[in-house]
Amino acid sequence: MSVRLRFAPSPTGNVHIGNIRAAIFNWLYARHCGGTFLLRIEDTDLERSTPEAIRTLKEVMEWLGLNYDEPEMYQTSQKDKHLEAAERLVAQGDAYRHAKGGAGGEAVLFRLPWDAEAVPGVAVAGTVEVNLATACTVTVDETGVEFTSAASVSEKTGQGRVEKKCLAGFKDLEVLDENGALLFRLNDAIADVLAGKRREIIGGAAKFRFTQRTVTYRDLVKGELTKPLNSLSDFVIVRSDGSPVFHLGNVVDDVTQGITHIVRGDDHVENTYRHIFLFHALGAAVPQYAHLPMIVNAQGKPYSKRDGDAYVGDFRTKGFLPHALFNYLALLGWSPGDDREKMTREELVAAFSLDRVKSSAAQMDIRKLTDLNGQYIAGLPPAEFASSARGRAEAQPWGARLDAAEFSRVCGLMQIRAKTFADVEGWGFFFTDIPVYDEKACEKLLRDKPVQAALEMFVGDVEKLPADELRAATVEAIIQGITAACGIQQGKLNQPLRVAVTGTTVGAGIYETVEVLGKARTLARLAHVKRFYA
RNA sequence: GUCCUCAUCGUCUAGAGGCCUAGGACAUCGCCCUUUCACGGCGACGACCGGGGUUCGAAUCCCCGUGGGGACGCCA
């Protein structure tokens, strides 16, 4: 059977790095298996969903090459189906209506099945006893069991937390008083309770005794995960205003789209236990689950507004290549098991597997991404590099009218040195008349008298030269002659010359740089820098 | 607070009881190449969270502790 996966973001705000990493893993696994990858936009939160968010989401996916195989599904378009499913659940007795302080009418709640053993993965763990807070009042009705456990009572305040858990969590429940006397036995009343005909309020309770049941599923990355039913509650699937909630929409859509594998952030693990019961009640097979660890920021904390939420589009703005980002993100929390890092998309698809995904959180390291990006840039065909670089350059004040031949010469010098396309913004010294000078570097390199004399000699030599003979080799020869004549140490004139003609201490080879600059600009800049000779 | 979960260099990771004197990559530092800037090459620095167990043998298995994260919504 062919696998079907989906990426199901909610379009509230910008897609961040963690979301898109989940999309990448879904895509990779679908492609690896030769299966289907789908996009579902979970826009049921009308308050926070925006058209801009949907637009940027699709833009980013296209940029990264995350193509999907069927038209995207908008969750809001499935509303009728969701409501229909809710009706069916109510009719089956798997859900019930209840007014719980929400706005207006009754909401629909999904009931964790009393007959839970019918669901694969549910097991009896044994008889357990839970101590309750002193003089605890226990309420039992169709919506669950309400109580305050002794464990939840704070030592400081003496206050406990009132918990409301599902009926299914308390099979064979017996409520006992402090002397161990039986106050209430659930089995005696269960039929009426489930039918909503009976509500029991028990005062002076001290202890619960019940048969504990657990749900277990095998997560493709985290292994076997188990949760006791008595820590689960019935949950709202249709709001009192009639709109379906995430849990319902998500599961119904997964059924509708025939999803076989759910790969998502591990903030969803707790939902999984509930969704398993929903799938079962809907008569559908439970998909395979793979929960991805989260990505944290440089401080080791989850991404927040302060980090700008690591919006994916920002990486594009910062001059990263989509393949590099894709490659880097694929390596966050996953590795092929050998030492490969720079991998083509085909290699990633071939090597990808969910069981090699790590189960601990990973920290995003922009420096490693930058290095990888540099490798990708170095591997670009020169023409492609030049055309991307040109786009960047044209946005600069000095980039309005660039000579194509000159620009491509500069690209030839700079491609191997560029880590991101944002580096292009520092190329201004190639194209302006007088560049921006690094004053500190000038102070350091141009204050030396012998150096100044040597630069003067350089000016003299260049002036004598026809403009079209100022080649890199010529420049090198001139420098060699001068250092020999002045008794300046070999190589000691290069950096002063560099800062004098480019304003900076880093760049391309200085001889090639002077050649590209040409006679006029070189001389103008050397004259400009005389202010440091005082 | 309760439940769940995670833990190898600063960071990403390899590691399935003996191949581990713990491997690779980024970052950092040094050397070489280069009369310069880079690239590249070579090298250095640098980790199994702590404590108990199991075993002839533990980074690896078990327990406890500590620390991190997640979940406990009519958000998704």
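Lettering of chains follows the sequences in order, A, B, ..., and the numbering in each one begins at 1.
In this structure, the CG atom of A:D266 is 8 Å from the C1' atom of B:rG69, given to the nearest Å.
For A:K165, the listed nucleotide lying nearest its side chain is B:rC72; candidates were B:rG1, B:rC72, B:rC75. Distances were taken from every side-chain heavy atom of A:S335 (C-beta onward) to each of B:rA76, B:rA14, B:rG70; the shortest belongs to B:rA14. Which of B:rG70, B:rU36, B:rG1 sits closest to the side chain of A:R161 comes down to B:rG1. Of the candidates B:rG15, B:rU11, B:rC75, B:rG15 carries the atom nearest the A:R356 side chain, counting heavy atoms from C-beta on. With distances taken from any side-chain atom of A:D365 to the nucleotides B:rC26, B:rC3, B:rG23, the minimum falls on B:rC26. Of the candidates B:rG70, B:rU36, B:rC6, the closest approach to any side-chain atom of A:I510 belongs to B:rU36. Closest to the side chain of A:K358, out of B:rU8, B:rG68, B:rU36, is B:rU8.
Contacts of A:G333 with the nucleic acid, taken as non-hydrogen atoms under 4.0 Å apart, involve only primed sugar atoms and P, OP1 or OP2. A:S149 comes within contact range of no nucleotide atom at all, as no heavy-atom separation falls under 4.0 Å. Nucleic acid contact class of A:N250 (heavy atoms, under 4.0 Å, all strands): none. Base engagement by A:E341 is indicated by at least one non-hydrogen atom pair under 4.0 Å involving a base atom. At the heavy-atom level, A:M294 lies under 4.0 Å from the strands shown only through sugar-phosphate atoms. In this structure, A:V269 reaches neither bases nor backbone, as no heavy-atom distance under 4.0 Å exists between it and the strands shown. Among the protein residues, A:T44 comes within range of the sugar-phosphate backbone only, with heavy atoms under 4.0 Å from sugar or phosphate atoms but none that close to a base. If you check every strand for non-hydrogen atoms under 4.0 Å, A:A151 touches sugar and phosphate atoms only.
Checking the phosphate oxygens (OP1, OP2) of B:rG69, a side-chain nitrogen or oxygen of A:K301 falls inside 4.0 Å. For B:rA76, one of the phosphate oxygens OP1 or OP2 lies less than 4.0 angstrom from a side-chain nitrogen or oxygen of A:R239.
For A:P228 and A:V238, each mapped to the nucleotide of RNA chain B holding its nearest heavy atom, the one lying further toward the 5' end belongs to A:P228. Each of A:I479 and A:W334 was assigned the nucleotide of RNA chain B with the nearest heavy atom; the assignment lying further toward the 5' end belongs to A:W334.
With respect to A:R340 and A:D338, a salt bridge is recorded, a charged nitrogen being found less than 4.0 Å from a carboxylate O.
Evaluation of atom-type donor-acceptor distances gives a pair under 3.5 Å for the side chain of A:S240 against the base of B:rC74.
Aromatic stacking is not marked for A:H268 over B:rG70, as the cut-offs of 5.5 Å for the centres and 30° for the planes do not both hold.
For the side-chain contact (heavy atoms from CB on, under 4.5 Å) test, residues two or more places apart in sequence or in another chain that qualify with A:A150 are A:N131. With sequence neighbours excluded, no residue forms a side-chain hydrogen bond (donor to acceptor under 3.5 Å, both in side chains) with A:Q452.
The aromatic rings of A:H98 and A:Y96 lie perpendicular to each other, with more than 60° between the two planes, well past the 30° mark.
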Inset, instruction - Do nucleotides 42-51 of chain B as a string where each nucleotide becomes B, S or -: B if the base has a protein heavy atom under 4.0 Å, S if just the sugar-phosphate does, - if no protein is that close. - result: ----------
